[in-house]
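Here the structure comes first, spelled out in structure tokens, and everything after it is commentary.
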Number of protein chains: 2
Amino acid sequence: MIETDHQLSTCMSILKPVRDSLDVLNGKWKLPIIVALTFGEKRFTEISKEVHGITDRMLSKELRDLELNGLVRRNIEESYPVKVTYQLTEHSKSLRSVIDSLKDWGILHKQRLAEECREYKKVKKVLIK
Amino acid sequence: MIETDHQLSTCMSILKPVRDSLDVLNGKWKLPIIVALTFGEKRFTEISKEVHGITDRMLSKELRDLELNGLVRRNIEESYPVKVTYQLTEHSKSLRSVIDSLKDWGILHKQRLAEECREYKKVKKVLIK
DNA sequence: CGGTATCCGATAGGATACTG
DNA sequence: CAGTATCCTATCGGATACCG
């Protein structure tokens, strides 16, 4: 296997966009919030109730992050009392394939680790005999 | 849009495998290390030189994590002096499509943010006039 | 209702020194 | 060469209280 500078720099160049994607999804709450908004717009307290365990502070912060990244839109209805809703943007729909890909690999990976574990137990059994 | 418990729980059930995948790739150094090992097995110091800025401590820790997740294999050649090499496993190859997916979306997302920025500048220009 | 402010502990990761 | 040990800092996220 011959490694040229060209090959190496080509490979390194994928790191930045991959990191950008990971950063957008990173943290404990981004995904659960996105899932909660999948079936239409919701109010702050509704999201809070659906995303179990999240504090107001984190929900507020994460919604702001998602808005800055163009994944969520914040709507203010000028009624009385004022009603604030959040919804996913069109852009957020493009995440679908990424999330599917991550989900599929996650499942595959778990199976792989389980197999490894069975292998280990087999070996251990033989050794004990 | 009607939201049933069934729909919601189906959607929530993707969260765990997605999180598993993200956890495997998470941290500052996992991807760069994987890339460094893409062109064949390497020794500790070789990886250290290719992954710019990583400390011995982090390289050691991250290699152990990757090994535990079955992505990297550690080989000890019983020569004199002992030679330790690291290489990607077959299982790690299955990451390819995930990384490609993340890369593609990362690029798309950057473009999307750039467009948004141009929109903003246009609006600002009009407002100044 | 839709948040913000403050404080606090846990974890990620950097710097440096040392070892078989 | 291939790491480990120790110490330090910064960021993440939880708990609680408060506000218009």
Side-chain angles (χ1 to χ4, degrees), chain A residues 15-16 18-37 40-69 71-88, chain B residues 15-16 18-37 40-69 71-88:
Chain A
L15 285 180
K16 245 185 46 152
V18 173
R19 181 115 309 280
D20 290 341
S21 292
L22 290 177
D23 288 346
V24 168
L25 297 179
N26 233 350
K28 190 173 173 182
W29 301 111
K30 304 257 168 59
L31 261 307
I33 291 172
I34 290 174
V35 168
L37 290 174
E41 60 173 44
K42 293 215 171 69
R43 306 177 66 165
F44 190 89
T45 357
E46 289 174 324
I47 306 173
S48 170
K49 255 174 263 170
E50 252 168 55
V51 179
H52 304 297
I54 196 168
T55 60
D56 290 348
R57 194 180 84 88
M58 288 311 290
L59 181 53
S60 173
K61 182 188 162 298
E62 299 295 68
L63 282 171
R64 222 176 304 131
D65 279 7
L66 291 169
E67 199 186 351
L68 279 173
N69 272 314
L71 300 182
V72 163
R73 178 160 35 254
R74 183 174 186 268
N75 308 304
I76 308 178
E77 287 178 34
E78 296 295 355
S79 53
Y80 271 106
V82 170
K83 187 179 170 187
V84 181
T85 60
Y86 295 89
Q87 63 178 318
L88 294 181
Chain B
L15 284 181
K16 245 186 46 153
V18 172
R19 181 114 312 278
D20 289 341
S21 292
L22 290 177
D23 288 345
V24 169
L25 298 178
N26 233 350
K28 191 172 172 181
W29 301 112
K30 303 259 169 57
L31 263 307
I33 291 172
I34 290 173
V35 168
L37 290 175
E41 60 174 42
K42 293 214 171 70
R43 307 178 64 165
F44 190 90
T45 357
E46 290 174 323
I47 306 173
S48 170
K49 257 174 262 171
E50 253 168 55
V51 179
H52 305 296
I54 196 169
T55 61
D56 289 348
R57 194 179 84 88
M58 287 311 291
L59 181 54
S60 173
K61 182 188 162 299
E62 299 295 68
L63 282 171
R64 223 176 304 131
D65 279 7
L66 291 169
E67 199 187 351
L68 278 173
N69 272 313
L71 300 182
V72 163
R73 176 158 39 251
R74 183 173 185 267
N75 308 304
I76 308 177
E77 289 178 30
E78 296 294 356
S79 53
Y80 271 107
V82 171
K83 188 180 169 185
V84 180
T85 60
Y86 295 89
Q87 64 178 319
L88 294 181

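In the text below, chain A, chain B and the rest are named by the order of the sequence lines, each starting its count at 1.
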Quickly work out the [X] [atom1] to [N] [atom2] distance and round it to whole Å.
| X | N | atom1 | atom2 | value |
| --- | --- | --- | --- | --- |
| B:Ile76 | C:dG20 | CD1 | C1' | 14 Å |
| B:Asp56 | C:dA17 | CG | P | 13 Å |
| A:Trp29 | D:dT11 | CH2 | P | 22 Å |
| B:His52 | C:dG14 | NE2 | P | 15 Å |
| A:Glu62 | C:dT4 | CD | P | 13 Å |
| B:Leu59 | C:dA15 | CG | P | 15 Å |
| B:Met58 | C:dT11 | CE | C1' | 11 Å |
| A:Arg74 | C:dC1 | CZ | P | 15 Å |

Within the structure shown, what part of the strands sits under 4.0 Å from [X] by heavy-atom distance: base, sugar-phosphate, or nothing?
| X | answer |
| --- | --- |
| A:Gly27 | sugar-phosphate |
| A:Lys28 | sugar-phosphate |
| B:Tyr80 | nothing |

- Salt-bridge test for B:Glu67 and B:Arg73: reply yes if a basic N is under 4.0 Å from a carboxylate O, no otherwise.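 Salt bridge absent between B:Glu67 and B:Arg73.
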- Salt-bridged, B:Lys16 to B:Asp20, with N to O below 4.0 Å?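 Result for this pair is no, no salt bridge flagged.
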Within the pair [X] and [N], is there a side-chain N or O less than 4.0 Å away from OP1 or OP2?
| X | N | result |
| --- | --- | --- |
| B:Arg43 | D:dC1 | no |
| B:Arg57 | D:dA2 | no |
| B:Arg64 | D:dA2 | no |
| A:Thr55 | D:dA15 | no |

- Message: Quick check: closest heavy atoms across B:Lys30 and B:Asp23, and the distance to 0.1 Å?
- Response: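 Heavy atoms only, the tightest pair is NZ-O, 4.4 Å.
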- Task: Nearest 0.5 Å please: distance from the CD1 atom of A:Ile47 over to the CG atom of A:Leu37.
- Result: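 Nearest 0.5 Å value for the CD1-CG distance: 4.5 Å.
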- Report the distance from atom CD1 of A:Ile33 to atom NZ of A:Lys28, rounding to the nearest 0.5 Å.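 Interatomic distance, A:Ile33 CD1 to A:Lys28 NZ, rounded to 0.5 Å: 12.0 Å.
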- Name the closest nucleotide to the A:Val84 side chain, picking from D:dG3, D:dG14, C:dG2.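 Closest of the options to the side chain of A:Val84: C:dG2.
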- On DNA chain D, check which nucleotide each of B:Ser60 and A:Gly53 is closest to and give me the residue with the more 5' one.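 Per heavy-atom nearest nucleotide, the more 5' residue is B:Ser60.
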